[in-house]
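Just so it is clear, the values below take in all heavy atoms, side chains as well, and ignore hydrogens, waters and symmetry mates. Index from 1, following the sequence. For ligands, and for the atoms within them, numbers begin at 1 and follow the listed sequence.
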Amino acid sequence: MTVLVLGGAGYIGSHTVYALIEKGEDVVIIDNLETGHIEAVHPKARFYKGDIRDRAFVDSVLDKEKIDAVIHFAANSLVGESMTNPLKYYDNNVNGTKVLLQSMVAHGLNKIVFSSTAATYGEPERVPILETDRTEPTNAYGETKLSMEKMFKWTDRAHGLKYVSLRYFNACGAHVSGQIGEAHKPETHLIPLILQVPLGQREAISIFGNDYPTKDGTCIRDYIHVTDLAQAHILAVDYLMKGNDSNIFNLGNGVGFTVNEVIETARKVTGHPIPAVMAERRAGDPAQLIASSEKAKTILGWKPEHADLEEIIATAWKWHSTHPNGYAK
Ligand code: UDP
């Protein structure tokens, strides 16, 4: 089977490409390298540098390659940036997906697995969150991802394009080999920021708010290992290849950790004291986000294998301690 991975040079995309190749699949990658890294492209994948908003470019790849299924990660994903520059998100995420779907429909390609997010829910009505719960994004990033999900729904209705949308909770960790990992510029995510302290790149980690209605006052999140996310994409492709209908699944461990607990675990893993300082709440942060992933477990047969937070942080530490500047030399 040949799988086209859009955004295969990014964080979750590159881990999914590694997992596909480890499984013996043939992989084609499209990435514009705006936020992805050429060093993260698996040497066995066929790589095309270009932008999904460029119809002629996407057509040329689909003309040339015989693709069975598409996995779509090509999007901007910084919540803060989406609030100051929402139109960038509508252009790349929504318009990019529209162009991609036009090309897929024209080429008779009708299977796509899509990288969605817990940000589609916004402030949750309850935890754990079910796929049927209210979707009311509190930031433009989540809104564009929800728009993309709806574009798939109507394209399915009109053209029979089958999709699986995977709503991730907090992606983290790195490939067990330590060869690829998380490398964002600017970095905004909790675990890589914490690990900058033992790397000597940051004095202390800031805790964004300690007056939330949680057990220690800091926000609770559901941290899910990137390799477990990668496996879910492979299961979702198999699900579509078997002729199943379009569907939406949450991906998380179903267990929440507070910011304090994450910092404490990182102290244990790295053996570094990691000072923490209190800071203001960050706009738009819900107090807690925890997934119910029962649906993915039951229907896709998904089983997270790196659910232990200590193990998750240990894989991240292996990557960051050997690549303190990410992919930059
Ligand atoms: N957070 C924090 N300090 C930081 C970065 C993040 O306290 O320097 C908190 C943030 O408020 C949230 C949690 O850590 O409650 C996870 O944030 P992240 O940006 O990693 O993921 P998000 O939940 O926004 O997807």
Protein contact to atom 23 (O) of ligand 1 [nearest heavy atom, distance to 0.1 Å]: R221 NE, 2.7 Å

Under 4.0 Å from any heavy atom of I205, which atoms of ligand 1 are there? 8 (O)

Which of the numbered atoms in ligand 1 are below 4.0 angstrom from a heavy atom of L193? 5 (C), 8 (O)

Kindly say whether the aromatic ring centers of F73 and H233 come within a distance under 6.0 Å. yes

Is it the side chain (CB and beyond), the backbone, both or neither of L190 that lies under 4.0 Å from ligand 1, heavy atoms counted? both

If the cut-off is 4.0 Å to any non-hydrogen atom of N170, which atoms of ligand 1 fall inside it? 16 (C), 21 (O), 22 (P), 23 (O), 25 (O)

Side-chain donor-acceptor pair present, D216, T218, cut-off under 3.5 Å: yes

Any side-chain donor near an acceptor of the partner, H323 and E39, under 3.5 Å: no

What atoms of ligand 1 come within less than 4.0 Å of a heavy atom belonging to S206? 2 (C), 3 (N), 4 (C), 7 (O), 8 (O)

Are any of the N/O atoms in Y223 less than 3.5 Å from those in ligand 1? no

Polar-atom distance check: F208 versus ligand 1, any N or O pair below 3.5 Å? yes

Enumerate the atoms of ligand 1 whose separation from the nearest heavy atom of I207 is less than 4.0 angstrom. 7 (O)

When the ring centroid of Y223 is compared with that of F257, is the distance short of 6.0 Å? no

Keeping the roles fixed (side chain from Y89, backbone from A75), state whether a donor-acceptor pair exists under 3.5 Å. no

For atom 17 (O) of ligand 1, the protein heavy atom that lies nearest, with its residue and separation: R282 NH2, 3.4 Å

Any donor-acceptor pair under 3.5 Å linking the side chain of K318 with the backbone of V176? yes

For the pair E34 and N76, evaluate side-chain hydrogen bond (donor to acceptor under 3.5 Å, both in side chains) and give the outcome as yes or no after the intermediate values. CA-CA 9 Å; E34 181 194 315; N76 290 112; 3.1 Å; yes

Atoms of ligand 1 under 4.0 Å from any heavy atom of C219, numbered from 1 in the order shown, are 15 (O)

What is the nearest protein non-hydrogen atom to atom 11 (O) of ligand 1, stated with its residue, atom name and distance? D285 OD2, 2.5 Å

Examine T188 against ligand 1 and note whether any of their N/O atoms are separated by less than 3.5 Å. yes

Can a side-chain donor-acceptor contact be found between S77 and Y141 if the only test is distance below 3.5 angstrom? no

Below 4.0 Å from any atom of ligand 1, is there a heavy atom belonging to V259? yes

Donor-acceptor pair, N170 side chain versus R221 backbone, under 3.5 Å? no

